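What follows is a single structure, written as structure tokens, with notes after it.
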Amino acid sequence: MAVPLLDLKAQHATIRDDVVAALMQVVDQQAFILGDPVTQLETEVAALSQVPHAVGCANGTDAILLALRALGVGQGDEVITTPFTFFATGGAIHNVGARPVFVDIDPRTFNIAPSLVTPAITARTKAVIAVDLFGQMAAIEEVTAAAKGVPVIEDAAQSIGASRVVNGRKVMAGEGASIGTFSFFPSKNLGGYGDGGMMVTGDDALFEALMKLRTHGSRRTYYHEIVGYNSRLDALQAAVLRAKLPHLEGWSAARRRNAAYYDAAFADLSDVTTPYIEPANTSIYNQYTIRTASRDALQAHLKAQGIGSNVYYPLSLHLQPCFAYLGYTEGQCPEAERASKEVLSLPVYPELTTQQLDEVIAAVRGFFGR
Ligand SMILES: *Cc1c(COP(=O)(O)O)cnc(C)c1O
């Protein structure tokens with residue numbers, strides 16, 4: 001039996017009636033732009049994130065872009081971030097006219113190394129973007145301290161509902177930064193049936209700015225204080241997401257169970273490094289990402305056995321052709337570069353059966369002759 005990397009149909013089958021009913025309510029009301037489902041979802045995601053404000057937008061990339069704009073980042077500014085992330089993090093910095101400054105990662109968590117942030121700060125630094133990669137929060141309190149008063153954006157596209165204990169208190173993904181950003185891309189843990197995104201903040205002024213930015217810089221129709229964007233969350237997407245949200249915690253727990261099952265099954269394989277989750281963190285395992293020196297051969301072996309896997313990410317952002325103008329060369333972020341050659345993400349979605357997990361395990365162990 002083939003095991004895909006992700007099976008969205010399996011999840012849809014478990015919630016179909018609720019989702020279809022929620023969609024039809026919006027269709028029957030013919031109220032597609034913002035409105036009740038969006039406002040209600042904003043309230044629910046703000047509560048989940050333990051912050052007063054949430055603002056829906058068109059996608060997770062726009063969420064970063066609007067967050068940067070709300071913080072006043074623009075032409076000539078610098079933004080410090082990780083090079084080991086989905087392209088959107090760096091692309092949004094470029095698209096507001098600022099310069100991405102890439103600092104290396106902690107090789108165990110794949111998240112930005114807090115100790116490298118302070119040395120990268122210059123007079124032009126206007127923001128730091130930490131990314132909560134693969135479902136595990138970055139060391140947000142350490143990044144914030146290292147930022148020395150420069151605002152921090154937390155790109156939590158892969159980590160909605162993840163948490164981290166800081167000084168005995170549970171901090172939710174998105175909560176510990178000036179602005180946290182989420183994506184509802186279908187493959188995220190809370191995925192819509194199309195694109196969607198959201199920003200969360202505890203700051204009233206930033207909330208006002210984000211609300212304005214998503215509707216062409218206006219809060220009063222046809223009066224524009226700044227030039228913003230058309231970046232709204234669709235009511236249809238919000239309706240789907242509201243139907244799915246009550247399941248998020250259970251799905252994330254199932255991913256953690258699957259991850260623990262793999263961890264135990266791979267424990268004796270010296271050629272495989274299983275994911276490292278910091279003791280303070282509760283991961284939502286958007287990905288279960290192993291490291292191995294024989295990554296490409298392992299992936300080919302899995303493919304031949306009908307098992308899905310993927311490489312997130314094969315080329316670090318500081319080495320992307322579009323960022324050649326920044327002047328980075330190989331060796332400047334060695335841990336990110338090494339990770340990009342060794343990582344492989346395996347199926348970890350909540351609906352996996354024990355039989356499917358065992359198939360993945362047998363295929364991985366078979367490759368290493370164990
Ligand atoms: C998915 C993702 C984004 C972008 O989200 P979209 O909704 O696809 O625009 C940004 N950052 C990270 C880390 C992501 O994984």
Side-chain angles (χ1 to χ4, degrees), residues 5-6 8 38 41 45 54-69 79-96 100 102 105-106 109-112 127-138 140 143 152-162 173-174 177 179-200 210 213-214 229-234 236-238 240-241 244 252 255 283-289 310-318 320 323 336 339-340 343 345 348-349:
L5 180 62
L6 178 64
L8 292 173
V38 173
L41 182 71
V45 171
V55 180
C57 65
N59 54 67
T61 305
D62 275 9
I64 304 168
L65 189 84
L66 269 59
L68 287 165
R69 283 286 312 271
V79 178
I80 297 167
T81 195
T82 165
F84 196 62
T85 174
F86 178 59
F87 180 74
T89 319
I93 298 169
H94 171 97
N95 279 339
V96 298
F102 296 112
I105 55 168
D106 174 337
T109 63
F110 303 116
N111 284 326
I112 192 167
V128 175
I129 306 181
V131 179
D132 300 339
L133 207 68
F134 300 150
Q136 169 167 224
M137 279 177 64
I140 195 70
V143 173
V152 176
I153 295 169
E154 185 177 353
D155 176 356
Q158 301 181 8
S159 296
I160 188 165
I179 302 173
T181 65
F182 297 120
S183 163
F184 302 126
F185 186 80
S187 68
K188 311 294 181 177
N189 286 39
L190 182 63
Y193 287 14
D195 280 307
M198 197 165 279
M199 303 150 289
V200 293
L210 293 169
L213 283 163
R214 78 168 172 186
Y229 305 87
N230 174 5
S231 183
R232 296 171 297 225
L233 179 62
D234 273 347
L236 282 169
Q237 295 306 332
V240 171
L241 292 162
K244 292 184 76 172
S252 295
R255 286 171 179 265
S283 175
I284 61 160
Y285 284 98
N286 181 246
Q287 301 296 338
Y288 182 89
T289 304
N310 207 0
V311 176
Y312 303 107
Y313 297 91
L315 184 61
S316 186
L317 294 198
H318 69 294
Q320 292 289 344
F323 289 139
S340 66
V343 290
S345 297
V348 73
Y349 61 90

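Numbers here are sequence positions counted from 1. In listed order, ligands and their atoms are each counted from 1. Owing to the predicted nature of the structure, the values given are computational and were not obtained by experimental measurement.
By the 30° and 60° cut-offs, the orientation of the rings of Phe86 relative to Tyr313 is tilted. In this pair, Phe84 and Phe134 present their aromatic rings perpendicular. The plane angle is above 60°, beyond the 30 to 60° band.
Close approach to Val131 involves these atoms of ligand 1, each under 4.0 Å from a residue heavy atom: 13 (C). For ligand 1 and Ala157, the ligand atoms under 4.0 Å from any heavy atom of the residue are 2 (C), 3 (C), 10 (C), 11 (N), 12 (C), 14 (C), 15 (O). Remark: ligand 1 atoms within the under-4.0 Å shell around heavy atoms of Thr85 are 13 (C).
You'll find the side chain of Arg255 reaches within 4.5 Å of the side chain of Asn189, heavy atoms only.
Taking each of Met198, Lys188, Gln158 in turn, the one with a heavy atom nearest to atom 2 (C) of ligand 1 proves to be Lys188.
Summary of contacts: the protein heavy atom closest to atom 3 (C) of ligand 1 is Phe86 CD2, 3.6 Å. Regarding atom 4 (C) of ligand 1, its nearest protein heavy-atom neighbour is Thr61 OG1, 3.5 Å. Among all non-hydrogen protein atoms, the one lying nearest atom 13 (C) of ligand 1 is Asp155 OD2, 3.4 Å.
The distance from the CD1 atom of Ile80 to the CZ atom of Phe102 is 12.0 Å, given to the nearest 0.5 Å.
At distances below 3.5 Å, not a single donor-acceptor pair connects side-chain atoms of Glu154 with backbone N or O atoms of Ile179. Looking at Lys188, its side chain never comes within 3.5 Å of a backbone N or O of Asn286 through a donor-acceptor pair. Checked by atom type and distance alone, the side chain of Thr81 pairs as donor or acceptor with a backbone atom of Ile129 at under 3.5 Å.
The parts of Asn59 lying near ligand 1 are both backbone and side chain, judged by heavy-atom distances below 4.0 Å.
For the pair Ser183 and ligand 1, the shortest N or O to N or O distance falls below 3.5 Å. For ligand 1, the polar-atom distance check finds an N/O of Gly60 within less than 3.5 Å of one of the ligand's N/O atoms.
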